[in-house]
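Notes follow once the structure below has been shown.
Chain letters run A, B, ... following the sequence lines, proteins first, then strands; residues in each count from 1.
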Amino acid sequence: MKNIVLKKTFFQRPTLEAAEDLLGKFLVKKTEQGEVAVMITEVEAYDGPKDKASHASCGLTDRNAIMFGEGGYFYVYLCYGMYEMLNIVTGQKNYPAAILLRGAEILGEEEKRLNGPGKLTKFLNINRAVNKKLADKITGLWFEDRGVKISPKYIERTSRIGVAYAGPIWLKKKYRFVLTKLE
DNA sequence: ACGATGATGAAC
DNA sequence: TTCATCATCGTA
């Protein structure tokens, strides 16, 4: 089975489409000991300038500028003063959208669940050093398709987490994708 | 249920 | 420059 590195064009399409497709793909980090890979099991989409839950809803700022760029770049920021949140920008240039990686699973002998964006970034030692960087091997953090097949019936679509402040309209949007189990 | 903890953005 | 806000987690 060949591992295919996802190109940035993978993210340059409708956010919800890319978000759903990202389930079962792998996030790979280059470390001194070698490559560490986790399978993505939970994501949330933040789509467009009108999405009140998105950082881009108040227009272009220094922090969210990368969201307005083309897809395939990382957007990392600090939340609650202690957790780095990892996002991957999606869509075309000047269309602010991104996917928040909320959960992943470590496969192999030491199986472990990384359920929560803070745990995910802590485990892989991801921080703002990769902010605005392209998701490729040069950056040292990228995505791979390792041939894991996902059945649509194991994909759950729910409301997003912690976005009550955005109002009921945006709370109702089913922008969160969870992979419940493998085939 | 709640507090830790700091960057961010908007108001002043 | 100051202040309210926050896409969380671990401990109770």
Give a yes or no answer on whether the side chain of A:Arg160 reaches the backbone of A:Tyr175 with a donor-acceptor pair at less than 3.5 Å.
no
Are the ring of A:Tyr80 and the six-membered base ring of B:dA4 within the stacking cut-offs of under 5.5 Å and under 30°?
no
What integer distance in Å separates A:Asn64:CG from C:dT5:P?
20 Å
What is the distance, to the nearest angstrom, from the CZ atom on A:Arg113 to the P atom on C:dC9?
13 Å
Can A:Lys173 and A:Asp51 be counted as an ion pair, charged N to O under 4.0 angstrom?
no
Would you mind reading off the distance between A:Tyr75 atom OH and B:dT8 atom C1', rounded to a whole angstrom?
9 Å
How is A:Leu100 classified with respect to the nucleic acid when contacts are heavy atoms under 4.0 Å: base, sugar-phosphate, or nothing?
base
Using atom OH of A:Tyr83 as one end and atom P of C:dA7 as the other, report the distance to the nearest whole Å.
15 Å
Look at the side-chain N and O atoms of A:Arg63 and state whether any lies under 4.0 Å from the OP1 or OP2 oxygen of B:dG9.
yes
Selected nucleotide, minimal atom distance to A:Cys58 side chain, candidates B:dA7, B:dA4, B:dA10
B:dA10
Go through it in stages, so that I can follow the logic: the residues are A:Ser57 and A:Lys50, the test is side chain to side chain contact (heavy atoms under 4.5 Å, CB included), and I'd like the CA-CA distance, side-chain angles, deciding distance and then a yes or no.
CA-CA 5 Å; A:Ser57 68; A:Lys50 290 202 271 197; over 6 Å; no
Rounded distance (Å) that lies between atom P of B:dA7 and atom CZ of A:Arg128
7 Å
Could you tell me how far apart A:Glu44 (CD) and C:dC6 (P) are, to the nearest whole angstrom?
15 Å
With a non-hydrogen cut-off below 4.0 angstrom, is A:Arg160 in contact with a base, only sugar-phosphate, or nothing?
nothing
For A:Lys122, look at atom NZ and say whether over 12 heavy atoms of other residues, nucleotides or ligands are found less than 6.0 Å away.
no
Separation of C:dA7 atom P from A:His55 atom NE2, nearest Å, is 6 Å
Side chain A:Lys8, main chain A:Leu134, donor-acceptor under 3.5 Å:
no
Find the distance A:Asp62:CG to B:dT8:P and express it as a whole number of Å.
9 Å
Using both distances under 3.5 Å as the test, list the Watson-Crick or G-U wobble partner of C:dG10, or none.
B:dC2
